[in-house]
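In what follows, a single structure is set out as structure tokens and then discussed.
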Amino acid sequence: MSRPDLQTAGRIVVKIGSTLLQAGAPIINAIARDVATLCETGSQCVIVSSGAVALGRPRLGLASQTLSLEQKQAAAAAGQPVLVNTWEQAFAAHGRSTAQALLTLDVTDNRRRWLNARATLDTLLELGAIPIVNENDTVATDEIRYGDNDRLAARVAQLIGAECLVLLSDIDGLYNADPRTHPDAERIAEITRIDDTVRAMAGGANTAAGAGTGGMRSKIMAAEIATASGCSVIIGDGRKTSPVARLAGSECGSLFSPAVSAASARERWISGAASPHGEIMIDAGALQALRAGKSLLAVGVVAIKGQFMRGDTVRITDADGHTLARGVSAYDAADATRIAGRRTEEIEAILGYRRTAALVHADDLVLEQQFAKASST
Ligand code: GLU
């Protein structure tokens, strides 16, 4: 049986834990080879890599002691350049450029940061580069916990609208018992719903499995976040030959199928936003474009009402004030007012910068009839 989720996904996030990263060049090179092949066949891939603390420890003479939070942050700062360089070299062998992106776990909570991070990652992916993401441990406000990057990877998958998240670990998926102590433990090839039975498997015998990378529990938490956003998740053993490619077959790893479609997850997300702060009034031509699934451009805007910041949810109305849609504005109210009714080419001259052609991107927009549907579910 095959897993189309990995073979046909437009966007894929691959997460590697500290233990794997330290395990040596052959493993990193094998992952890079598989990811480069996916890129050649049309997918856009992001790597979420742990390992900054582990790589930084020996460089600061902190190899064998228990570290304070500040020491972990210092170790991460010292290890991060090594980590990025490791990936840079591995992908250079396949003619691919990499780029470092340091994020925090709250990236999806703060809409302005979310828009900024998404725009950067989108641009890198469109330019053919492979973003190497890690948590920005210097500013992370919570204790650095192993396992954070599982959740970070799920947030990145949400952020870029990935169809598939691959969590590479040192265990080949979710088992009904710890396979190291129970030779008859069975791997679960496909999980269609994460319920208490699944959570119990991760919390019980399998707790220690993949300990260096947060254990199974944090992987199941990540799977819950990602599948709720319409992204499928595969957990597999990163030490095997062709560590990513092999997961396209159901003979290896565990696949968690998405709980909802990506489109309905997005609609629910926008619909669930706090009451819109402002209004964008649009003309008939713009409404037609929105109904055809296009973005809202400044040229179709008649007026701006109320105050809102970039990243706030706004109401999109007709000339009589009837709500037509809701969406996330890419510009604040003052700048939106200045570019209302103007062509995209004029925006830079008016504002001194041009962020994106769309005032509200099609992906950040829910038409009123969809909104009613999403709110009632
Ligand atoms: N950000 C940490 C590091 O790079 C790791 C967090 C994790 O492994 O989940 O060392």
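Counting convention: from 1, in listed order, for ligands and their atoms alike. Keep in mind it's a predicted model, so treat the numbers as computed, not measured.
- Side-chain N/O atoms of Glu88 and Gln100 include no donor and acceptor closer than 3.5 Å.
- No more than 12 heavy atoms of other residues, nucleotides or ligands sit less than 6.0 Å from atom CD of Glu186.
- Paired with Arg246 under the rule side-chain hydrogen bond (donor to acceptor under 3.5 Å, both in side chains), one option of Asp172, Thr241, Asp237 passes, and it is Asp172.
- Looking at Leu55, Leu21, Asp137, Leu152 and measuring to atom 1 (N) of ligand 1, the nearest heavy atom belongs to Asp137.
- Ligand 1 places these atoms under 4.0 Å from at least one heavy atom of Val53: 3 (C), 10 (O).
- Between Ala52 and ligand 1, an N or O atom pair is found at a separation short of 3.5 Å.
- Residue contacts with ligand 1, taken as heavy atom pairs separated by less than 4.0 Å, involve Asn134 solely via side-chain atoms from C-beta onward.
- Residue Glu135 has no N or O atom closer than 3.5 Å to an N or O atom of ligand 1.
- For the pair Arg112 and Trp114, the cation-pi criterion (under 6.0 Å, within 45° of the ring axis) is not fulfilled.
- Checking only distances, Lys15 never comes within under 3.5 Å of ligand 1, N or O to N or O.
- Note: no N/O pair closer than 3.5 Å links Asp150 and ligand 1 by distance alone.
- When the side chain to side chain contact (heavy atoms under 4.5 Å, CB included) test is applied to Ala289, the partners found at least two apart in sequence or on another chain are Lys294.
- Using modelled atom types, no side-chain atom of Glu368 and backbone atom of Ala325 make a donor-acceptor pair closer than 3.5 Å.
- Residue contact annotation: Ala76 has no non-hydrogen atom under 4.0 Å from ligand 1.
- Inclusion of Leu83 in the set of residues having an N or O under 3.5 Å from an N or O of ligand 1 is not warranted.
- Proximity to Asp148 (heavy-atom distance under 4.0 Å) selects the following atoms of ligand 1: 9 (O).
- In this structure the side chain of Asn116 never reaches within 4.5 angstrom of the side chain of Arg113, judged on heavy atoms.
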